[in-house]
Asks: 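Following this message is one structure expressed as C-alpha cells.
Side chains included, hydrogens not; waters and symmetry mates left out as well; all remaining heavy atoms used.
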Number of protein chains: 2
Amino acid sequence: MTDQHTTNALRLLQVADDFRAGLASEFSSVHGISVNEFILLLHLERATANRLSRVDLAKRMHVSASTITRMAAPMEKIGLVGRETDERDARLVFVVATDAGREKLSDALATFSKRAGYLFKDRLEEAETDQFAFMLRRLMAGTGDTLA
Amino acid sequence: MTDQHTTNALRLLQVADDFRAGLASEFSSVHGISVNEFILLLHLERATANRLSRVDLAKRMHVSASTITRMAAPMEKIGLVGRETDERDARLVFVVATDAGREKLSDALATFSKRAGYLFKDRLEEAETDQFAFMLRRLMAGTGDTLA
DNA sequence: GCAATATGCTTGCATACGCAATCGATTCGC
DNA sequence: GCGAATCGATTGCGTATGCAAGCATATTGC
C-alpha cells in the first residue's frame with residue numbers, strides 16, 4: 001500500500017514539524033524571534049559581506065519577496081538588520097546583519113544546537129549520525145544555496 | 001563551530017521544507033487541497049472509525065484547535081469530511097472522512113508517493129532507504145500518534 | 001447535589017503569508 | 001539611443017493561523 005519512500009517522506013515531515021514546533025516555542029519565549037527570522041539571520045551570516053538582496057533571500061527561504069519585505073521591516077526596527085543599496089543597481093535593496101543581529105543569531109544558534117542535540121543524541125550512534133548527514137546531503141542535491 | 005547534530009537538524013528542516021513546497025504546489029493545482037488538508041485526511045484514514053475529535057486532530061497536526069475548526073468548515077462544504085457527535089459527551093464534535101474524502105486522499109496519496117519517489121529514488125540505495133526509515137523512526141520516539 | 005474546575009469547541013482580534021498589481025530601475029532588441 | 005521587456009521591491013487584498021475570551025458540557029470535591 002504505502003511503500004518505503006512514502007513512509008520515509010511522511011516521517012521526514014513529521015520529525016521536521018516536531019522539531020520546528022519545539023524550536024518555535026523556545027525561540028519565541030527566550031529570544032523573541034521566530035524560526036523564520038532565525039533562518040533569515042543564518043542566511044545573512046553565511047552570505048558574503050553578511051548581506052543578501054530580498055529576492056535572493058526569498059528564493060533561499062521558500063517564501064515570496066513580499067514576505068521578506070515584511071519580515072525585514074520589524075527586524076530593522078529593533079536593530080537586528082540594516083538596509084544597504086547597490087551602487088551599480090539602484091533596484092537592489094540588501095538586508096544586512098548588524099552586530100546586534102549577529103549576536104542574536106549566536107544566542108539563538110545555541111538554543112538550536114541544544115535542541116538538535118536533544119533530537120539526535122541517544123537516538124543515533126555516532127557512526128549513524130555521520131551517515132544520516134551523508135544521506136541528507138544527497139537528498140539536498142539540486143537544492144542551491146543551502147545553509148548546511 | 002556548528003556540530004554534526006546542528007548540521008543535521010538544519011538539513012532536516014531544509015529537505016522537509018523543499019519537499020513540502022513542491023508538494024503544496026502540485027496538491028493545489030492537481031487536487032485542489034492544501035498539504036495540511038491532505039494530512040488531516042490521512043489522520044482520519046488511520047484513525048478508528050475514520051474519525052477524530054477536533055482537539056485530537058489539533059494535537060496530532062501541531063496546530064491549534066481553532067485551526068481545525070476553520071480547516072474543517074470548507075472541507076465539510078465540499079463534502080470531503082462530515083460531522084458526528086458523541087452520544088456520551090455532547091462536547092465532542094468528530095471530523096469524519098466521507099467516501100469523497102477517502103477518494104480524494106487516495107488520489108493525493110498517489111501524488112505524494114510519486115514525489116517521495118522523486119526525492120529518494122536514485123539518491124539512496126535500497127539498503128540505505130531501510131536504514132533511513134529505521135533512523136527516522138527512532139527520531140520519532142516519544143512522538144505519539146504518528147502517521148508512519 | 002452543587003459549586004468549582006476542567007474540557008471541547010467556536011469566535012474576535014492580531015499576525016504572517018502568497019498573489020497580483022504597481023512603480024522605479026535596468027537591460028535588451030534593433 | 002530608444003521603446004519594450006525584464007527585474008527588484010513594495011503594497012492591497014484575501015487566506016491561514018495562533019491566542020485569548022466566551023460558551024456549553026462534564027467531572028470533581030466536598
Asks: Check this for me, if you would: do B/Lys121 and A/Asp3 make a salt bridge, where the nitrogen-to-carboxylate-oxygen distance has to be below 4.0 angstrom?
Replies: no
Asks: Using 4.0 Å as the upper bound for N to carboxylate O, is an ion pair formed by A/Arg102 and A/Asp99?
Replies: yes
Asks: Cluster question for you: counting only ILVMFWY and a side-chain heavy-atom cut-off of under 4.5 Å, with indirect links fine, are A/Val93 and A/Met71 together?
Replies: no
Asks: How large an angle, rounded to 10°, do the end axes of the helix from C/dG1-D/dC30 to C/dC30-D/dG1 enclose when each is built from five base pairs?
Replies: 30°
Asks: Round to the nearest Å and state the distance from A/Ile33 atom CD1 to C/dT15 atom C1'.
Replies: 17 Å
Asks: Test of understanding: with ring pair (Phe, Tyr, Trp, His ring centres under 6.0 Å), list the residues that count as partners of B/Phe38, not counting sequence neighbours.
Replies: B/Phe27, B/Phe112
Asks: Answer yes or no: is there a donor N or O on one side and an acceptor on the other, between the side chain of B/Arg123 and the main chain of A/Ala141, under 3.5 Å?
Replies: yes
Asks: Between which nucleotides of DNA chain D, read 5' to 3', does contact with chain B run, using atoms under 4.0 Å from its heavy atoms?
Replies: D/dT17 to D/dA26
Asks: Hey, any chance B/Leu13 and A/Met140 share a hydrophobic cluster, counting ILVMFWY side chains that come within less than 4.5 Å of each other, even indirectly?
Replies: yes
Asks: In residues 11-25 of chain A, which residues come under 4.0 Å of DNA chain C by heavy atom?
Replies: none
Asks: For B/Arg60, enumerate each residue passing the side chain to side chain donor-acceptor pair (under 3.5 Å) test, keeping only those at least two apart in sequence or located in another chain.
Replies: B/Asp56
Asks: Rounded to the nearest angstrom, tell me the gap between atom CG in A/Asp86 and atom P in C/dT27.
Replies: 10 Å
Asks: Tell me whether A/Leu92 is reachable from A/Met61 by hopping between hydrophobic residues (I, L, V, M, F, W, Y) whose side-chain heavy atoms are closer than 4.5 Å.
Replies: no
Asks: Holding to side chain to side chain contact (heavy atoms under 4.5 Å, CB included), I want the full list of residues that pass it with B/Gln131, two or more places apart in sequence or in another chain.
Replies: A/Gln131, B/Met135
Asks: List the residues meeting ring pair (Phe, Tyr, Trp, His ring centres under 6.0 Å) with A/His43, not counting sequence neighbours, and say none if there are none.
Replies: none
Asks: Which sits closer to the 5' end of DNA chain C, A/Glu37 or A/Glu87, going by the nucleotide each is nearest to?
Replies: A/Glu37
Asks: Considering only heavy atoms from C-beta outward, does the side chain of A/Leu10 approach that of B/Leu42 to under 4.5 Å?
Replies: yes
Asks: The criterion is side chain to side chain contact (heavy atoms under 4.5 Å, CB included); which residues satisfy it with B/Gln4, sequence neighbours excluded?
Replies: A/Thr129, A/Asp130, A/Ala133, B/Thr7, B/Asn8
Asks: Kindly write out the residues that satisfy side chain to side chain contact (heavy atoms under 4.5 Å, CB included) with B/Tyr118, not counting sequence neighbours, or none if the list is empty.
Replies: B/Lys114
Asks: In plain terms, say whether A/Arg88 and A/Asp86 are close enough for a salt bridge, that is, a side-chain N and a carboxylate O under 4.0 Å apart.
Replies: no
Asks: For C/dT10, take OP1 and OP2 only and decide whether either is under 4.0 Å from a side-chain N or O of B/Arg83.
Replies: yes
Asks: Counting only heavy atoms and a strict 4.0 angstrom limit, can you tell me which residues of residues 64-74 of chain B come near DNA chain C?
Replies: B/Ala65, B/Ser66, B/Thr69, B/Arg70
Asks: Under the rule for side chain to side chain donor-acceptor pair (under 3.5 Å), what residues qualify as partners of B/Asn36, not counting sequence neighbours?
Replies: none
Asks: Kindly give the atom pairs (protein nitrogen or oxygen, nucleotide nitrogen or oxygen) under 3.5 Å for nucleotides 3-8 of chain C.
Replies:
{"residue": "C/dT7", "atom": "O4'", "partner": "B/Arg91", "partner atom": "NH1", "Å": "3.3"}
{"residue": "C/dT7", "atom": "O2", "partner": "B/Arg91", "partner atom": "NH1", "Å": "2.8"}

